[in-house]
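Since the structure comes first, as structure tokens, the remarks are kept for the end.
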Amino acid sequence: MKYNQSIDQKWLKKWRDENLYAYNPKGKGEKFYLLEMFSYPSGSTLHIGHWYNYAPLDTYSRFKRMKGYNVFHPMGFDAFGLPAENFAIQHGIHPHDSTASNIKTMKLQLEEMGGDYDWNYSLETHTEDYYKWTQWLFLKLYENNLAYKKEAPVNWCPSCNTVLANEQVKNGTCDRCESVVSKKKISQWFFKITDYAEDLINDLEDLDWPSSTKKTQLNWIGKSIGSEVSFKVKDQDIDIKVFTTRVDTLAGVTYVVLSPENDLVSKLTKENYQKEVDAYIKKTSTFSEIERMETDREKTGVFIGSYAINPITKEEVPIWISDYVLEGYGTGCVMAVPAHDTRDFEFATKFGLPIRQVIKNGDNDVLPMTEQGTLINSLGYNNLTSEVAKITITKDLEKDNKGQFMTNYRLKDWLVSRQRYWGSPIPIVYCDTCGIVPESYENLPVKLPYDVEFKPDGKSPLAKSEEFINCACPKCKGPAKREVDTLDTFVCSSWYFLRYPDVHNDKEAFNKDIVNKMLPVDLYIGGNEHAAMHLIYARFITKVLKDLGYLSFSEPFSKLRHQGMILGSDGNKMSKSKGNTVIPDQFIKEYGADIFRCYLMFGFSYLEGGPWKDEGISAMARYFSRIESFFERLNDIDREETTKVNDTEKKLLTVMNKTVLGIEEDLDKLQFNTAISKTMEFMNELVRYEQFAEPINIKLLKECASTFIKILAPFAPFFSEELWKDSGNDTSIHLEKWPKVDKSLIEDEQVEIAVQVNGKLRATLPINKDEKEATVKELALDIENVKLHTQGKEIVKIIYVANKIINIVVK
RNA sequence: GCGUGAAUGGCGGAAUGGUAGACGCAGUGGACUCAAAAUCCACCGGUUAGUAGCCGUGCGGGUUCAAGUCCCGCUUCGCGCACCA
């Protein structure tokens, strides 16, 4: 045979006809839920990133099947979202239509890749039978006070004409179109993810996740422990609450700063400062997000005329506003301690405000000094350490009702409203009599209408659809209007892994028992760009559903890994503008899917990725033809035959068993590259035996060859199926079991150990396995080159690591 | 700035603290061929006449009989967060 794409096609048809990869929930074996982050059908074909993510995991899935697991390995499509809508706007194709055709092509290509998915367990988030339950989820959160509406400044992308989540703003620009993002106030729906901040932190510990991902999440949640302190405003009955992690520096406060957007500003601004304050607020509000985030920008601000009273020193300090204080964090007010905070120091220096040192740390008197130390100039708190002072001062404040311990998080509630067409409608109704009313469950799904003008003009597209917007109030049955915003696509993807195992359920989002049995996902794979958003949202929703009694587990993904990324051959990220993209299709056509996927697995370290190289794929093609010719020769060996198992045969068996075991270990570490290299070593050994053994044990050789096909099967599903058939089998290789390892055959009887003198390699020594230590020592000391280096020196000690190394230490 | 990951031949990349460079690419020499391609065999970190030796895993220290691997201090690059009080 000559392997090529037509062989792929032949087997594909057969597998499809026989429904070879059908998942049987009652199947034998321990369950194994393997999941890759589902793909977004934004382009019409699979790109190299899809292949790189999915093909190796298909290999892993096949391997686990052969090992006897009942593998659940579903695939679906994250179909709602901006790119499809943008595509539609640009090309005049309705997102529903472009999505449907893209999904069709991608499914076919995933099959052509060799994917062992059971499409009976597939889902697409834009279909009614899926988003019905996304809406159900929204209502559940709403019922439990975890979804609420509020007016808030939001990130507004002028080009996409939509609100963006904080996570979708990259360096002040839209992460999709890269336009500069500005601020706008609208009424929006939020999910109260902040209620779960503490759980999201605590439960990270037990997860088998990359530590960098855990740290990203911790950083994103951003817990900080400190105190809240009340500053009374002079001559007014108003308290300014500030959050600080350094209450030990309280005596060093020389002014207080509010964010320009803070509600207190209007109340505290004195008349003769009003003009300047207004001008400042106006100026900062026109600053784009990107400008405001420039950390090295010079500090600006104005005094607003009022004074605050330091609760411990009773000193009056001026109140300023400045945009270096963020409205969205803490209370939006800050106590400024210029001596011990770099930002306050900069500000105070610029505006000539006093700087008072209250912490001493050794001889370091250079200000600003941000380290902790011992208190000075702090009344009765002098000589306390920062650590103790934080507690003492807060307790004292607490007694006077002027402060308390406080924990703050950077995590903000999840903004889920989108002023877009291509998403799930939010199942909420506005009634003049009843107010905000959740749509009733029996009316779900609230259907997304097809005929809608979705071109952006700053209004939600659904607002323009009369048939959509007008409805009956679920409560009073009077006329009412629907919510016109749609849900963030991250809501769709925050629970899809729960739907897969029970994807046809039309009574509920999922059956509790089925899901509790199948989840958590045993291995979840996807790009690390999702370390913060998708992976936090999915954890949050899982925890909510657990608390509401729908699930028995609180973490969705026990083990997580991130695949690396394939770069262009120039080492840069692939992009059309750089002209360095690699289109898989041309390679599949030329070589067949198996050669392509094997190259992807062999040429890179899976978790790292790296730059694409054309040469590698022809090398893989050469390996395939080496295998082909070996199997062709196998049937007409014309040499003296034997049935004995002598040293040469034993060596072959040893290599084989080592290979099988080695591949098992490699695959469990997702080391596809070394796993394939082990198949190569095995093939080299088979060829060596086939070419040179005299006499030759053909029966044994054929058995080993058959084992070879089995271990190749997960990597090259089409090619191995063809080899299997050519070797006279009429069932599928993919129904075979993974070969059993005979551990007794793994160790050679003879091993070669390293002989070192003072840690330097001086010789190698062949010994019988598990030779007595004394004998090994004797043999080692007798080696010519060892004698040379030990001669005339005192032997201090000899370290022997059995069957590995002997180190002779001399003086 | 804070956090985090990485650095190994000409290249992709291997190495539970135990013979650095598995496997492959590229390269060199040879066989086959009229010739080329393909295939096969050998070599393939540097230095050296060498099979003996010396040097060698970004840099400087340390722990250890033994360090690419562990510890301390740097450099460079990548990634994430970024005025979070």
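Only heavy atoms go into these numbers, but all of them, side chains included; no hydrogens, no water, no symmetry mates. Each chain gets a letter, A, B and so on, in the order the sequences are listed, and its residues count up from 1. Quick caveat: nothing in here was measured; it's all calculated off a predicted structure.
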Contact state string [[range], B base, S sugar-phosphate only, - no protein heavy atom under 4.0 Å]:
| range | value |
| --- | --- |
| nucleotides 23-31 of chain B | BSSS----- |
| nucleotides 49-57 of chain B | ---SSSS-- |
| nucleotides 71-78 of chain B | -------- |

Ignoring backbone atoms, establish whether [X] has a side-chain N or O less than 4.0 Å from OP1 or OP2 of [N].
| X | N | answer |
| --- | --- | --- |
| A:Lys215 | B:G3 | no |
| A:Ser322 | B:C83 | no |
| A:Gln671 | B:G13 | no |
| A:Ser625 | B:U39 | no |
| A:Asn219 | B:U4 | no |

For the pair [X] and [Y], find out whether any cationic side-chain nitrogen is under 4.0 Å from an anionic carboxylate oxygen.
| X | Y | value |
| --- | --- | --- |
| A:Lys223 | A:Glu198 | yes |
| A:Asp323 | A:Lys283 | no |
| A:Glu773 | A:Lys777 | yes |
| A:Glu681 | A:Lys678 | no |

In this structure, how many angstroms lie between the [atom2] atom of [N] and the [atom1] atom of [X], rounded?
| X | N | atom1 | atom2 | answer |
| --- | --- | --- | --- | --- |
| A:Ile808 | B:U19 | CD1 | P | 16 Å |
| A:Gln563 | B:C79 | CD | P | 17 Å |
| A:Leu607 | B:C79 | CG | C1' | 15 Å |
| A:Glu632 | B:A38 | CD | P | 19 Å |

Dot-bracket for RNA chain B, 5' to 3', Watson-Crick and G-U pairs with both distances under 3.5 Å, [ ] for crossing pairs, | for partner on another strand, reads (((((((..(((.....[....))).(((((.......))))).(((.....)))..(((((..]....))))))))))))....
A quick test of your reading: do over 12 heavy atoms of other residues, nucleotides or ligands sit less than 6.0 Å from CD of A:Glu205? no
So what does [X] touch, heavy atoms closer than 4.0 Å: a base, only the sugar-phosphate, or nothing?
| X | value |
| --- | --- |
| A:Thr764 | base |
| A:Gly222 | nothing |
| A:Asn807 | base |
| A:Gln691 | nothing |
| A:Gly609 | sugar-phosphate |
| A:Glu608 | nothing |
| A:Val334 | base |

Once side-chain hydrogen bond (donor to acceptor under 3.5 Å, both in side chains) is applied, what residue pairs with a partner in residues 790-811 of chain A remain, sequence neighbours excluded? A:Asp770-A:Asn803
Matching residue for A:Phe596 among A:Phe715, A:Trp51, A:Tyr3, A:Phe602 - test: ring pair (Phe, Tyr, Trp, His ring centres under 6.0 Å): A:Trp51
Picking from A:Trp612, A:Tyr52, A:Phe587, A:Tyr623, what satisfies ring pair (Phe, Tyr, Trp, His ring centres under 6.0 Å) with A:Tyr599? A:Trp612
Who are the side-chain contact (heavy atoms from CB on, under 4.5 Å) partners of A:Thr370, not counting sequence neighbours? A:Thr342
Among [options], which nucleotide has an atom closest to any side-chain atom of [X]?
| X | options | value |
| --- | --- | --- |
| A:Ser211 | B:G5, B:C83, B:C81 | B:G5 |
| A:Lys804 | B:G13, B:U16, B:A85 | B:U16 |
| A:Ala754 | B:A15, B:U19, B:C83 | B:U19 |
| A:Thr674 | B:A15, B:C81, B:A85 | B:A15 |

Could A:Lys299 and A:Phe347 be counted as a cation-pi pair, given that NZ or CZ must be under 6.0 Å from the ring centre and within 45° of the axis? no
Per nearest nucleotide of RNA chain B, the residue lying toward the 5' end, A:Ile753 or A:Val687, is A:Ile753
Nearest nucleotide by nearest heavy atom, which residue falls closer to the 5' end of RNA chain B, A:Lys669 or A:Met335? A:Lys669
Quick one: classify the glycosidic conformation of B:G29 as syn or anti, with syn meaning within 90° of 0. anti
If I pick the [atom1] atom on [M] and the same atom on [N], what distance separates them, to the nearest angstrom?
| N | M | atom1 | answer |
| --- | --- | --- | --- |
| B:A14 | B:C25 | C1' | 15 Å |
| B:U8 | B:G58 | C1' | 10 Å |
| B:C23 | B:A35 | C1' | 34 Å |
| B:U33 | B:C40 | C1' | 13 Å |

Quick check for you: to the nearest 0.5 Å, what is the distance between A:Phe719 atom CZ and A:Ile627 atom CD1? 4.5 Å
In terms of side-chain heavy atoms, does [X] have a donor or acceptor partner in [Y] at a distance below 3.5 Å?
| X | Y | answer |
| --- | --- | --- |
| A:Glu632 | A:Ser629 | no |
| A:Tyr280 | A:Thr300 | yes |
| A:Asn408 | A:Ser224 | no |
| A:Gln372 | A:Arg246 | no |
| A:Ser605 | A:Asn673 | no |

